[in-house]
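Encoded as structure tokens, the structure appears first; notes follow it.
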Protein chains: 2
Amino acid sequence: MSPSRQPYHHGNLREALLAAAFRLVDSQGPESVSIRALAREAGVSSAAPFRHFADKAVLLDAVAARARAELDRKLDESTPRDADVLTQFRAMTVAYVRFAAEHPRLFDLMQSSGSTSGRFLGDLEDERRLKLIALICEGQNAGLIPEADPELIALTSEALTHGLARMVVDGHPRLASLSSEDARKLALAATQLLQSGIGLS
Amino acid sequence: MSPSRQPYHHGNLREALLAAAFRLVDSQGPESVSIRALAREAGVSSAAPFRHFADKAVLLDAVAARARAELDRKLDESTPRDADVLTQFRAMTVAYVRFAAEHPRLFDLMQSSGSTSGRFLGDLEDERRLKLIALICEGQNAGLIPEADPELIALTSEALTHGLARMVVDGHPRLASLSSEDARKLALAATQLLQSGIGLS
DNA sequence: TGGATAATGTTAGCACTGCTTACACCTAAA
DNA sequence: TTTAGGTGTAAGCAGTGCTAACATTATCCA
């Protein structure tokens with residue numbers, strides 16, 4: 001009955017491991033995650049984690065999923081409801097690029113762990129993507145957006161957003177370790193440019 | 001004098017290791033590269049590789065450098081000399097996205113090994129970037145490109161290019177395992193869109 | 001030409017990893 | 001209260017990166 005100093009069961013090992021791994025990936029990248037080390041940190045034997053995660057890859061997938069949820073939350077928070085299409089798109093781009101600038105390693109993991117889980121993680125969620133396309137159609141009806149394949153427009157917009165984010169993460173020389181504020185400015189300027197066009201051909 | 005079956009020295013171990021690692025990364029990704037396995041394949045002891053590469057990271061950096069050279073070559077080949085700015089930019093984008101589609105793992109390594117070597121690898125080379133900016137200024141003088149900060153225009157163009165490439169690599173649902181030809185079409189359509197602009201705001 | 005020197009290989013081994021198997025314990029449901 | 005299943009442990013296998021000490025060969029200079 002007396003609660004021994006070290007109870008046989010940890011209580012919520014799964015969450016503890018996941019949280020520790022999340023922090024580690026965020027600060028040092030996935031290659032410095034070791035299951036044995038996580039187990040030590042949690043005060044548990046090195047085989048225990050395998051009761052909760054079949055594989056190291058599965059653990060990292062879970063970390064990626066959590067990161068994706070976090071990004072999703074920030075995208076939702078930052079998007080002003082009932083604003084016009086272009087404003088919404090700009091806000092999304094800003095939030096996306098900021099997340100990449102603030103959590104480059106998590107952002108990177110999100111993408112690269114996609115093949116393991118079979119589900120695309122790195123970019124906009126499917127649901128969000130459909131919404132974007134709907135917004136574009138709406139904009140076209142309102143005469144705000146030129147008539148062209150909405151899917152292509154969505155894809156191009158996504159590419160610009162994703163490209164900016166990845167350039168920050170990948171250490172583009174002019175974008176190295178961008179501050180959040182600079183990330184915001186860059187995202188705004190670039191989306192502006194996409195809207196007005198770059199050439200007159 | 002008689003050439004024994006297994007001469008003590010390999011001859012060109014460095015190149016053999018590098019080539020094998022290059023192939024392996026291209027086909028299976030960097031995490032399935034093992035120095036010991038490379039040594040076995042080369043018929044050499046497991047300590048020998050360290051005479052040529054201080055580190056596993058150094059080996060992978062060398063692979064990344066080779067991949068970058070390969071991409072550079074393809075970019076050069078594909079760019080028509082003495083064409084107008086927009087044509088050149090489109091050609092570059094196409095070549096870039098195609099390379100990513102054909103060698104996703106090499107493309108990925110190029111970017112992620114940047115932090116190790118301290119040099120940005122994933123995107124356009126510095127030299128090429130300067131040339132792009134020069135082209136843009138030229139285009140502005142010729143009235144082909146609107147007056148705006150040339151660096152911003154270059155950055156935005158790069159972002160679109162890089163973003164398309166990464167979306168292919170990262171397994172975007174609509175872009176999963178794109179054929180070379182489809183990659184070409186996509187790159188063309190998207191750059192076209194960037195040139196004409198997406199909104200009328 | 002010969003002999004030191006540097007380059008490149010070998011063997012053995014350390015510390016670490018992911019992961020498995022067999023067993024121990026504790027909890028919750030029948 | 002028993003029993004089944006979830007969760008922990010200990011021990012160990014196969015593999016890894018990397019190092020230290022030693023062996024062999026190529027190269028270059030007296």
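Sequence lines set the chain letters: A, B, ... in the order given, protein chains first and strands last, and positions in each chain run from 1.
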Task: Whole-Å gap separating P (D:dT16) and CG (B:Leu24) - done: 12 Å
- [ ] Please determine if a side-chain N or O atom of B:Ser46 lies less than 4.0 Å away from the OP1 or OP2 oxygen of D:dC18.
- [x] no
Open item on the list: Using modelled atom types and a 3.5 Å cut-off, is there a donor and acceptor pairing between side-chain atoms of B:Asp149 and backbone atoms of B:Glu151?
Closed with: yes
Open item on the list: Using whole Å, what does the distance between atom P of nucleotide D:dG15 and atom CG of B:Leu38 come to?
Closed with: 16 Å
Open item on the list: I want to check something: taking the side chain as every heavy atom from C-beta on, are A:Phe22 and A:Leu106 in contact at a cut-off of under 4.5 Å?
Closed with: yes
Task: Spacing between A:Leu60 atom CG and C:dT17 atom C1', to the nearest angstrom - done: 14 Å
Open item on the list: For a quick check of understanding: with a heavy-atom distance under 4.0 Å over all strands, which category does B:Ser34 fall into, base, sugar-phosphate or nothing?
Closed with: sugar-phosphate
Open item on the list: Heavy atoms from C-beta onward define the side chain here; which of C:dT8, C:dA22, D:dC18 lies closest to that of A:Arg51?
Closed with: C:dA22
Task: Pairing of B:Glu77 and B:Lys74 as salt bridge, 4.0 angstrom limit - done: no
Open item on the list: If I take atom CG in residue A:Leu17 and atom P in nucleotide D:dG8, what distance separates them, rounded to the nearest angstrom?
Closed with: 9 Å
- [ ] Report the relative orientation of the aromatic rings in B:Tyr96 and B:Phe107; use parallel for angles under 30°, tilted for 30 to 60°, perpendicular for over 60°.
- [x] perpendicular
Task: Whole angstrom value for the distance that separates C1' of D:dC18 from CG of B:Leu59 - done: 14 Å
TODO: Establish whether the base of D:dG15 is bridged to the side chain of B:Arg36 by a donor-acceptor pair shorter than 3.5 Å.
DONE: no
Open item on the list: By the 4.0 Å heavy-atom rule, please label A:Arg14 as base, sugar-phosphate, or nothing.
Closed with: nothing
- [ ] Using atom CD of B:Glu31 as one end and atom P of D:dG17 as the other, report the distance to the nearest whole Å.
- [x] 13 Å
- [ ] Side chain of A:His52 only, please: which of C:dC19, D:dT16, D:dG8 is the nearest?
- [x] D:dG8
Task: Closest listed nucleotide, where the reference is the side chain of A:Lys56 and the choices are C:dT10, D:dT16, C:dC19 - done: C:dC19
Task: Side-chain heavy-atom pair A:Arg128, A:Asp76 within 4.5 angstrom cut-off - done: yes
Task: Candidate nucleotides C:dT11, D:dG8, D:dA10, ranked by approach to the side chain of A:Ala47 - the nearest - done: D:dA10
Open item on the list: What is the distance, to the nearest angstrom, from the CD atom on A:Glu15 to the C1' atom on D:dT7?
Closed with: 17 Å
TODO: Please report, rounded to the nearest Å, how far the C1' atom of D:dG8 is from the CZ atom of A:Phe53.
DONE: 16 Å
